[in-house]
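Scope of the values below: all heavy atoms of this structure, side chains included, with no hydrogens, waters or symmetry mates.
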Amino acid sequence: MISTKPDLNTFAARIRKDVLAMLLKRGYGHVGGSLSIVELLAVLYGKQMNYRPDEPHWEKRDYLVLSKGHSGPGVYSALANSGFFPKSWLETLNDGGTRLPSHLDRNKTPGVDTTTGSLGQGTSIATGIAAGLLREGATDQYVYLITGDGELNEGQCWEAFQYLAHAALSNCIVFIDENKGQNDGKSEAIIRHFDLAEKMRAFGFYTQKVDGKNLAMIDDAIEIAKNQKHQANCIVLDTVKGQGVPFFENYAGVHSVKFNSPEIIEATESAIRELEKQIDE
């Protein structure tokens with residue numbers, strides 16, 4: 001874990017600001033799903049995860065698997081603000097030869113444990129890592145798996161969840177970012193998920209549902225999950241796409257935004273200025 005724990009509110013503001021800045025510079029990118037996991041990432045990298053920025057492959061580290069790999073800008077920002085690589089790298093997002101491609105790549109970015117982006121596959125990877133850690137006797141290491149509600153349209157997710165529950169792999173904490181949207185529109189209109197918390201309980205998970213904007217609630221839920229050793233763990237996060245930026249929370253095309261209009265550019269720049277004020281307070 002980082003030696004000096006940041007204030008989580010400030011840490012979240014830094015992550016959110018840098019996500020906006022890098023996507024604005026790039027001119028396009030996955031705004032909605034990157035912003036909806038900012039609070040979760042702040043709690044994980046700012047408090048809960050065990051890692052060493054100067055030793056990314058440290059054998060005793062916790063693992064983060066971002067199954068919804070298109071939200072990589074959020075993870076890149078968290079990694080840069082945790083000291084894994086210089087923040088100047090954020091300006092190279094998706095450039096030719098960059099160490100920060102659009103979707104996460106474990107061979108390019110320090111601190112990234114799994115290559116993801118083909119939706120659903122990260123759930124199986126995380127399950128395998130969790131099972132492997134327990135077989136090696138690493139009972140104090142955790143795998144943090146982040147999925148999206150839209151991603152759960154993929155059957156592979158449910159196959160992985162079934163095994164996690166069957167094997168009672170409590171060392172893998174599944175986070176469902178229920179931001180209620182996906183590439184083609186509202187999740188409810190595409191494939192209705194019904195009650196995700198109840199579905200996960202029916203699968204055999206110890207399931208909690210919390211406000212995904214509330215840092216303290218996320219932190220408390222993780223603590224509860226860590227102290228629960230008899231079932232697989234799931235935390236459903238009630239979020240919105242574009243979280244923390246009112247303009248994007250209400251922007252219909254927030255899943256993947258092109259910064260090609262004065263309105264979008266000004267709203268983004270204004271949000272960055274407001275976040276900078278929060279950071280400086």
4.5 Å side-chain heavy-atom contact, [X] and [Y]:
{"X": "T114", "Y": "I129", "answer": "yes"}
{"X": "F248", "Y": "I264", "answer": "yes"}
{"X": "E274", "Y": "P246", "answer": "no"}
{"X": "V38", "Y": "Q243", "answer": "no"}

Shortest non-hydrogen separation from [X] to [Y] and the atoms involved:
{"X": "A160", "Y": "T127", "result": "CB-OG1, 3.7 Å"}
{"X": "A225", "Y": "Q208", "result": "N-NE2, 3.8 Å"}
{"X": "P73", "Y": "L23", "result": "CG-CD2, 4.1 Å"}
{"X": "V112", "Y": "L79", "result": "CG2-CD1, 3.9 Å"}
{"X": "I222", "Y": "V43", "result": "CD1-CG1, 3.9 Å"}

Go through the side-chain N and O atoms of [X] and [Y] and say whether any donor and acceptor fall under 3.5 Å apart.
{"X": "Q156", "Y": "S124", "result": "yes"}
{"X": "Y28", "Y": "N94", "result": "yes"}
{"X": "S187", "Y": "Q182", "result": "yes"}
{"X": "N153", "Y": "H193", "result": "yes"}
{"X": "N9", "Y": "Q278", "result": "no"}
{"X": "Q48", "Y": "E223", "result": "yes"}

Quiz item: So with a 6.0 Å cut-off around CD of Q162, is the heavy-atom count from everything else above 12?
Solution: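 Atom CD in Q162 is not packed in, count stays at 12 or less.
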Quiz item: Do other residues, nucleotides or ligands put more than 12 heavy atoms under 6.0 Å from K186 NZ?
Solution: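 No.
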Do [Y] and [X] meet the salt-bridge criterion of a basic N to acidic O distance under 4.0 Å?
{"X": "D54", "Y": "R52", "value": "no"}
{"X": "D238", "Y": "K180", "value": "yes"}
{"X": "R16", "Y": "E39", "value": "yes"}

Quiz item: Of L237, L64, V65, which is the lone residue that meets side chain to side chain contact (heavy atoms under 4.5 Å, CB included) with I146?
Solution: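 When side chain to side chain contact (heavy atoms under 4.5 Å, CB included) is applied between I146 and each of L237, L64, V65, only L64 qualifies.
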Would you say [X]'s side chain and [Y]'s backbone share a donor-acceptor pair under 3.5 angstrom?
{"X": "R26", "Y": "L93", "answer": "yes"}
{"X": "Y142", "Y": "I173", "answer": "no"}
{"X": "D219", "Y": "L215", "answer": "no"}

Quiz item: Taking the inter-plane angle between the rings of H70 and H103 on a 0 to 90° scale, is it parallel (under 30°), tilted (30 to 60°) or perpendicular (over 60°)?
Solution: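 Rings of H70 and H103: tilted, 30 to 60°.
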Quiz item: Taking the inter-plane angle between the rings of F85 and W89 on a 0 to 90° scale, is it parallel (under 30°), tilted (30 to 60°) or perpendicular (over 60°)?
Solution: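 If you compare the ring of F85 with that of W89, the planes turn out parallel.
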